[in-house]
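Note that the coordinates shown come from a computational prediction; the quantities given were computed from them, not determined experimentally.
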Amino acid sequence: MPNTLALYMRLSSEDENIGESDSIKNQRELLHRFVAEKREFKDWEILEFQDDGYSGTNFNRPQIKRLLMLVRQKRIDCIVVKDFSRFGRNYIDVCDYLEQVFPLYGVRFIAVNDRYDSNQTKGSSVGIDVALKSMVSELYSRDISTKIRSSNNVRWSNGKYLGRIAFYGYQLSKTEKNKLVIDDQAAVVVRRIFQMAADGVNPNDIAVLLNKEKIPSPLAYRKQNGTDLDRGWKVADERLLWTRFAIKRILCDGRYTGKLVSYRRTKADVSTRRTKANPKSEWIIVTDTHEPIVTQELFEKAGTWFPTRENPCKPVPSRGYPLTGILKCGYCHHNLTRASVKQPYYHCYMAKYEESTPCSTIKVMEKAFSDILLAIINKQVSMVLRDGRNPSEFTLTNHERIKSLQKEIQIRQQELEKLRVSRKNAFEEYCFEHISKEQYAAMLEANTQQMNQISEKLRELQTECSLLTEDKQETEYQQVHQKYEFADQLTKDMVLAFVKEIFVFEGERFEIVWNYEDYYKMTGLL
């Protein structure tokens with residue numbers, strides 16, 4: 001079986017200032033040229049992995065995840081990249097992979113332009129040059145991120161639209177960058193929605209009417225026009241219908257009056273894609289940035305449906321009905337809605353938005369289904385408690401040992417973090433010429449050895465803690481089942497304890513997803 005060579009390429013917005021030299025196309029040409037010149041790779045199988053549009057400050061990238069998964073499966077023998085920054089810009093993570101992960105799985109790592117080949121450094125830690133380049137790359141990313149954020153704030157304040165996708169009713173100008181222009185076809189629908197709402201038609205009826213007339217919803221419209229791009233969010237129902245929530249979003253969006261509202265969210269940190277909401281006082285609001293679709297007067301009149309216009313799409317909290325939030329339509333995967341009538345039942349609200357949909361076949365009588373679910377849970381409890389096995393004994397000593405291990409693990413993690421900080425401090429000392437290159441190299445070597453020792457101890461502690469925790473979880477499973485052994489009524493707590501979700505289909509067919517599914521499979525009860 002031939003050896004496998006992985007070529008990894010990455011490009012993100014932070015690399016735009018570097019120019020064409022770092023394009024995916026040029027990276028691929030460089031890597032293939034390098035491999036072709038190495039006779040040792042002549043008969044190797046070559047796989048390509050590329051992340052286009054992803055930051056190197058973290059490893060939350062689809063193709064790098066796939067590559068590292070294959071590494072752990074021992075299906076990759078060598079990884080080749082253009083330079084260290086293509087693999088990652090996080091100094092600590094890059095060094096950890098080079099020093100610990102790749103050697104553990106016998107993976108050779110080559111950074112072409114950095115003239116690095118792990119085969120030439122066997123038996124030693126990552127050299128000072130590699131450490132310097134990785135740290136400089138991380139500092140560069142943080143500096144670029146700060147500059148980009150500052151630049152965006154200025155452009156937002158000047159009324160520039162920085163989104164990659166124009167919101168429904170508008171399109172990006174083809175002649176002026178960061179400018180919105182009206183999309184005449186969609187704008188007609190937007191004006192109609194506002195006018196109907198102002199005339200007293202509720203959002204639900206507006207959605208039903210638009211679906212009957214086969215008018216594409218915003219997402220369906222973008223898909224048809226090829227402007228959907230990589231949205232980054234998921235939808236439960238791929239039919240892409242108008243819903244009351246879609247109507248509410250439009251009626252509550254002040255941007256249709258010609259103003260831009262920016263900086264509502266920001267990145268929590270340069271090393272993550274997670275964002276956090278900014279206080280309303282920090283929002284950047286600029287008026288008259290683009291041609292309005294509706295007047296302020298019509299916007300206010302249509303807004304009588306939402307007195308505060310504060311998050312109109314926020315879900316209504318459950319009132320404690322046992323099946324609410326658990327039952328889902330098996331066709332569109334939306335939560336079923338409870339009808340509060342004399343004999344309550346659950347149905348799929350998506351059925352009202354489209355004729356002849358399988359969602360219209362869903363009707364679950366609350367009382368009858370509650371009795372069925374109670375019987376199923378009781379049977380499951382009985383099987384767990386009476387299948388011939390005694391409940392696991394989890395002693396107080398084991399519980400105290402877990403607490404002790406968790407505390408020790410925390411101490412070891414804090415020690416690792418201090419060593420990481422020490423690495424960065426040493427680098428700064430070297431940059432300001434407070435210590436020599438030789439002194440920095442010695443400090444880096446000692447630091448790496450300490451981190452390796454602590455990491456090994458940490459793995460041992462985590463393994464022991466994991467084994468004890470599994471025993472504890474099994475005991476907790478038994479305790480939960482014992483708690484509801486003689487239940488004669490279905491309660492919300494009981495349902496949440498056992499059931500994750502239930503998908504309902506036509507013909508009274510349903511599928512239960514259990515919280516303890518892994519445990520049931522392990523014990524042969526599923």
Side-chain angles (χ1 to χ4, degrees), residues 155-225 227-229 231 233 235 240-265 278 280-281 283-314 352-353:
R155 291 195 284 175
W156 283 326
S157 299
N158 291 331
K160 302 293 185 182
Y161 182 79
L162 305 184
R164 295 175 62 219
I165 303 174
F167 56 96
Y168 186 69
Y170 289 90
Q171 57 188 1
L172 299 178
S173 172
K174 296 179 180 179
T175 58
E176 187 175 350
K177 191 175 182 181
N178 304 128
K179 181 74 174 178
L180 290 171
V181 294
I182 289 180
D183 179 344
D184 294 329
Q185 185 177 349
V188 171
V189 181
V190 173
R191 291 192 190 97
R192 186 182 174 194
I193 290 172
F194 274 96
Q195 190 60 59
M196 284 192 288
D199 292 341
V201 183
N202 70 57
N204 192 75
D205 291 340
I206 294 175
V208 171
L209 180 61
L210 295 179
N211 285 322
K212 283 184 177 179
E213 296 180 7
K214 305 297 183 183
I215 296 175
S217 67
L219 185 52
Y221 182 74
R222 285 199 296 269
K223 281 183 173 292
Q224 288 178 6
N225 295 339
T227 57
D228 186 39
L229 302 180
R231 291 175 283 118
W233 66 84
V235 291
L240 309 178
L241 302 175
W242 285 97
T243 66
R244 63 177 181 269
F245 302 113
I247 301 299
K248 287 179 180 180
R249 288 190 191 98
I250 289 176
L251 294 176
C252 293
D253 195 337
R255 295 178 297 179
Y256 289 111
T257 63
K259 65 183 179 182
L260 279 184
V261 182
S262 309
Y263 199 55
R264 296 181 64 174
R265 301 190 68 84
N278 292 325
K280 198 170 183 179
S281 58
W283 293 1
I284 299 176
I285 303 175
V286 184
T287 58
D288 301 322
T289 58
H290 51 273
E291 185 180 353
I293 291 180
V294 298
T295 64
Q296 185 66 33
E297 181 183 3
L298 181 59
F299 180 79
E300 295 297 337
K301 190 175 181 181
T304 55
W305 289 101
F306 324 106
T308 62
R309 274 196 166 105
E310 288 291 336
N311 199 2
C313 301
K314 185 176 181 180
K352 68 180 69 174
Y353 297 127

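In this structure, A302 and L251 approach most closely via the heavy-atom pair CB-CD2, 4.1 Å. Residues L172 and R164 share a closest heavy-atom pair of CD1-O, 3.6 Å. The two residues T287 and K259 come nearest to each other via the heavy atoms CA-CB, 3.8 Å.
One finds the CD1 atom of I284 at 10.0 Å from the CG atom of N158 (value rounded to the nearest 0.5 Å). From L298, atom CG reaches atom CD1 of I293 across 11.5 Å, with rounding to the nearest 0.5 Å. I215 contributes atom CD1, which lies 13.0 Å from atom CG of L241 (distance to the nearest 0.5 angstrom). Expressed to the nearest 0.5 Å, how far CD of Q224 lies from OH of Y221 amounts to 8.5 Å. The distance from atom CG of D288 to atom OG1 of T257, rounded to the nearest 0.5 Å, is 9.0 Å. Summarising the geometry, atom NZ belonging to K160 is positioned 11.0 Å from atom CG belonging to L180; distances are rounded to the nearest 0.5 Å.
Aromatic ring orientation, F299 versus F194: tilted (interplanar angle from 30° to 60°). Using bins of under 30°, 30° to 60° and over 60° for the plane-to-plane angle, the ring pair Y170/Y256 lands in the parallel bin.
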Exercise for the section: In sequence, state the C-alpha distance, the side-chain angles, and the governing distance for V181 and Q171, and then conclude on side chain to side chain contact (heavy atoms under 4.5 Å, CB included). Expected result: CA-CA 6 Å; V181 294; Q171 57 188 1; 3.6 Å; yes
Exercise for the section: Give the C-alpha distance, both sets of side-chain angles, the deciding distance and a yes or no for side chain to side chain contact (heavy atoms under 4.5 Å, CB included) between L162 and W156. Expected result: CA-CA 8 Å; L162 305 184; W156 283 326; 3.4 Å; yes
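Sorted by first and then second residue, the side-chain hydrogen bond (donor to acceptor under 3.5 Å, both in side chains) pairs with a member in residues 185-198 read R192-E213, Q195-D199; sequence neighbours excluded.
A side-chain donor-acceptor contact under 3.5 Å links K179 to the backbone of T289. Under the 3.5 Å distance criterion, the side-chain polar atoms of W242 are left unmatched by any main-chain donor or acceptor of I247. In this structure, the side chain of N178 engages the main chain of Y161 through a donor-acceptor pair within 3.5 Å.
Counted by atom type alone, D253 and Y168 present zero donor-acceptor pairs between their side chains at under 3.5 Å.
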